[in-house]
Amino acid sequence: MIKHDDILFVAAEAFKRSGLVLSADKGYLLESRLAPLARAEGYPSIEALITAARRDNTGRLLWAITEALATHETFFFRDNTPFDLFKQDVLPVLARARGNNGAIRIWCAACSSGQEPYSLAMLLEAERARLGNLRVEIVATDMAPRVLEKAKAGVYSQFEVQRGLAVQRLVQHFDQQGEQWRIKSNIRSMVTFQKQNLLESFATLGTFDLILCRNVLIYFDADTKKKVLSRIATQTAQDGYLIMGAAETVVGLSGDFSPVEGRRGLYGRKVAAKSAAA
């Protein structure tokens, strides 16, 4: 059993680094997430890991603990609806607005091991003939170096490719390597991965026409949600869009985005919200 003081310490450090809110009754979560980390780091127990983290002046162990506690659950074409919204509502509007020789920039925030941006890349590849000379850039970020390395490699297990990925897409966009599947280079080259913490400024990322920030803010408190959404709005084009998870909303948290009528999870700056609903 993890000591109450250790739970409070870890919760405070995780919140400071990632915005993750862990209540004092989440000892079971620490047990399940930190036990493998303790073994990997060579400590006999979670308590020993936390003790070492308290003494580690570099902060490396605290970051490792924070990454282990963060939820990295993801799979290809997760929830389907956001990808339908992108293909049927967002992409056509943005393509018309940017013109045949224009460019669209997409940001997948908290991309985990890469399934979301690669899903978008596969959709775009299927639409290539209709997009003409329109250029599309996908930027995918996460705060955890470990999952980013996996995302960059684009190598997934049989279990991972079976989650949400149709057989036709698997055969078309992946090469089998033993018991694993590697996404083909033409799809990998469409996505740029980099480290980014949502609690820090992301002004250097530039402006985007579409930002996907799904199933992330649910782990933040209201004040942190407001701050993140405010910074996201700053990086969103005036006619750009935001896609959030089905259980998330900007209502009461941001006045910069408006829900697109009849399109659950899709929000736009004022001009965009009207265009997509038209």
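Because the structure is a prediction, the values reported are computed rather than measured.
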Please identify which of these residues, N197, T141, I232, meets the side-chain contact (heavy atoms from CB on, under 4.5 Å) condition with F202.
I232

Take I106 and V139 through the side-chain contact (heavy atoms from CB on, under 4.5 Å) test and state the conclusion after the steps.
CA-CA 6 Å; I106 301 171; V139 177; over 6 Å; no

Taking the six-membered ring of W63 (Phe, Tyr or Trp), confirm whether the NZ or CZ of K195 is under 6.0 Å from its centre and within 45° of its axis.
yes

Between E137 (side chain only) and R105 (backbone N and O only), is there a donor and an acceptor less than 3.5 Å apart?
no

Side chain T66, main chain L62, donor-acceptor under 3.5 Å
yes

With rounding to the nearest 0.5 Å, note down the distance linking CG in D6 to CG in L8.
9.0 Å

If the threshold is 4.0 Å, N to carboxylate O, is there a salt bridge linking K225 and D221?
no

Spatial distance of atom OG1 (T204) from atom CD (E200) [nearest 0.5 Å]
10.0 Å

So N215 and D79, do their side chains get closer than 4.5 Å, heavy atoms only?
yes

Test log, rule side-chain contact (heavy atoms from CB on, under 4.5 Å), inputs I65 and E13:
CA-CA 9 Å; I65 287 172; E13 293 295 331; over 6 Å; no

Below 4.0 angstrom, N of the basic side chain to O of the carboxylate: do R98 and D239 qualify?
yes

Apply salt bridge (Lys or Arg N to Asp or Glu O under 4.0 Å) to residues E116 and R214 and explain how you reach the verdict.
CA-CA 10 Å; E116 178 179 87; R214 300 197 298 140; 2.8 Å; yes

Joint cluster assignment, F83 & I183, ILVMFWY side-chain distance < 4.5 Å:
yes

Looking only at heavy atoms, what is the nearest atom pair of C111 and L148, with distance?
SG-CD2, 4.0 Å

Of all heavy-atom pairs between G268 and V260, which one has the smallest distance, and what is that distance?
N-CG2, 4.1 Å

Does some side-chain heavy atom of I104 sit less than 4.5 Å from a side-chain heavy atom of L91?
yes

Does any part of the side chain of N101, heavy atoms only, come nearer than 4.5 Å to the side chain of L134, both counted from C-beta?
no

Just by distance, do the side chain of T51 and the backbone of E47 share a donor-acceptor pair under 3.5 Å?
yes

Atom of A151, atom of S112 and distance for their closest heavy-atom approach
CB-O, 3.9 Å

Are M122 and V155 connected in the hydrophobic side-chain network, where two residues link if heavy atoms are under 4.5 Å apart?
no

Hey, are the side chains of V147 and T74 touching, using non-hydrogen atoms and a 4.5 Å cut-off?
no

Does the distance from a Lys or Arg side-chain N to an Asp or Glu carboxylate O, for K150 and E160, drop under 4.0 Å?
yes

Carefully, step by step, assess V228 and F220 under the rule side-chain contact (heavy atoms from CB on, under 4.5 Å).
CA-CA 10 Å; V228 173; F220 296 168; 4.1 Å; yes

Run the side-chain contact (heavy atoms from CB on, under 4.5 Å) test on D256 and L229 for me, step by step, so that the C-alpha distance in whole Å, both residues' side-chain angles and the decisive distance to 0.1 Å come before the verdict.
CA-CA 8 Å; D256 298 305; L229 285 169; over 6 Å; no

In terms of hydrophobic clusters joined by side-chain contacts under 4.5 Å, are I187 and F75 together?
no

I want to check a possible cation-pi pair here: R169 against F77, using under 6.0 Å from ring centre and within 45° of the ring axis as the test.
yes

For the residue pair Q115 and S113, confirm or rule out a side-chain donor-acceptor distance under 3.5 Å.
yes

Taking L120 as the starting point, is it possible to reach L131 by hopping between hydrophobic residues whose side chains are less than 4.5 Å apart?
yes

N100 (side chain) donor-acceptor with N133 (main chain) under 3.5 angstrom:
yes

Establish whether Y156 and M190 are linked, either directly or via other cluster members, by ILVMFWY side-chain heavy-atom contacts under 4.5 Å.
yes

Under 3.5 Å donor-acceptor, E248 side chain and L217 backbone
yes

Taking the side chain as everything from C-beta on, heavy atoms only, tell me whether F174 gets closer than 4.5 Å to L165.
yes

Salt bridge present between R182 and D175 (N-O < 4.0 angstrom)
no

Answer yes or no: are there more than 12 heavy-atom neighbours, outside E179 itself, under 6.0 Å from its atom CD?
no

Could you tell me whether the side chain of T249 reaches within less than 4.5 Å of the side chain of M244, counting heavy atoms only?
no

To the nearest 0.5 angstrom, please state how far the CZ atom of R263 sits from the CG atom of D84.
11.0 Å

Near-ring test F208/Y241, centroid separation under 6.0 angstrom:
no

Is a donor on one side and an acceptor on the other found under 3.5 Å between the side chain of Q162 and the backbone of G164?
no

With distance as the sole criterion, is a donor-acceptor pair present between the side chains of T58 and D56 under 3.5 Å?
yes

Would you say K87 has more than 12 foreign heavy atoms packed within less than 6.0 Å of its NZ?
no

I211 side, atom CD1; I243 side, atom CD1 - distance, nearest 0.5 Å
11.0 Å

Take a 6.0 Å sphere around NZ of K152 and say whether it holds more than 12 heavy atoms from other residues, nucleotides or ligands.
yes

Least distance between heavy atoms, A48 atom then P44 atom:
CB-CD, 3.9 Å

Which atom pair, heavy atoms only, marks the closest approach of C213 to L198?
SG-CD1, 4.3 Å

Tell me if the aromatic rings of Y219 and F15 count as close, with their centers under 6.0 Å from one another.
no

Any side-chain heavy-atom pair of E67 and L37 under 4.5 Å
no

State plainly whether the residues E41 and R60 are in salt-bridge range, i.e. N to O under 4.0 Å.
yes

Which of F193, W181, F76 passes ring pair (Phe, Tyr, Trp, His ring centres under 6.0 Å) with Y118? Answer is F193

Cation-pi check, R54 onto F9 ring (under 6.0 Å, within 45° of axis)
yes

Heavy atoms of D209 and A103 approach each other most closely as OD2-O, 3.8 Å

Do the side chains of V251 and L253 get nearer than 4.5 Å, heavy atoms only?
no

What's the separation between atom CG in D142 and atom CD in E149, rounded to the nearest 0.5 Å?
11.5 Å

